[in-house]
Amino acid sequence: MSWFGFYNGKDKGNNTFEIGNICVKPEYQNKGIRTAVLKEILFEHKEQNIKLQVFKINEKQVELYEKMGFKKEDETHYIMIKEN
């Protein structure tokens, strides 16, 4: 069986779903998989606020999340939220 990566998340109450990780194996990165997974998560939880955390060093991911409507909440590492 082959896998490309994984994601995990959970309902945090208060109308918020938190994404713990979106991980894509290196050989499958830059092929739109992370974007497709994120779009599916946003669709499945469109009635909720979506929260995630990104380390500053991952600027490519930060750019993707900003394009998808997330905003930075913190400057040590980015805690991002997409409000509905």
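- Using a 4.5 Å heavy-atom threshold, the side chains of L52 and E18 count as separate.
- Because its NZ or CZ atom is both nearer than 6.0 Å to the ring centre of F43 and within 45° of the ring axis, K46 counts as a cation-pi partner of that residue.
- The closest side-chain heavy-atom distance from F6 to V24 is not below 4.5 Å.
- Between Q61 and R34 the shortest side-chain heavy-atom distance falls below 4.5 Å.
- To the nearest 0.5 angstrom, T16 atom OG1 is 13.0 Å from K82 atom NZ.
- Side chains of K60 and L64 form no contact here, defined as non-hydrogen atoms less than 4.5 Å apart.
- For the pair D11 (side chain) and F17 (backbone), a donor-acceptor distance under 3.5 Å is absent.
- I81 and V54 are assigned to two separate hydrophobic clusters, defined by single-linkage of ILVMFWY side chains at heavy-atom distances under 4.5 Å.
- Using a 4.5 Å cut-off on side-chain heavy atoms (C-beta onward), I50 and F70 make contact.
- Atom OG1 of T35 and atom CD of E40 lie 13.5 Å apart (nearest 0.5 Å).
- Heavy-atom contacts from other residues, nucleotides or ligands closer than 6.0 Å to CG of N14 number 12 or fewer.
- The shortest side-chain heavy-atom distance between K39 and M68 falls under the 4.5 Å cut-off.
- Under the 4.5 Å side-chain heavy-atom criterion for ILVMFWY residues, a single connected hydrophobic cluster contains both I33 and I19.
- A donor-acceptor pair under 3.5 Å links the side-chain atoms of N49 to the main chain of N84, judged by distance alone.
- At a threshold of 4.5 Å between non-hydrogen side-chain atoms, the residues F4 and Q29 do not count as touching.
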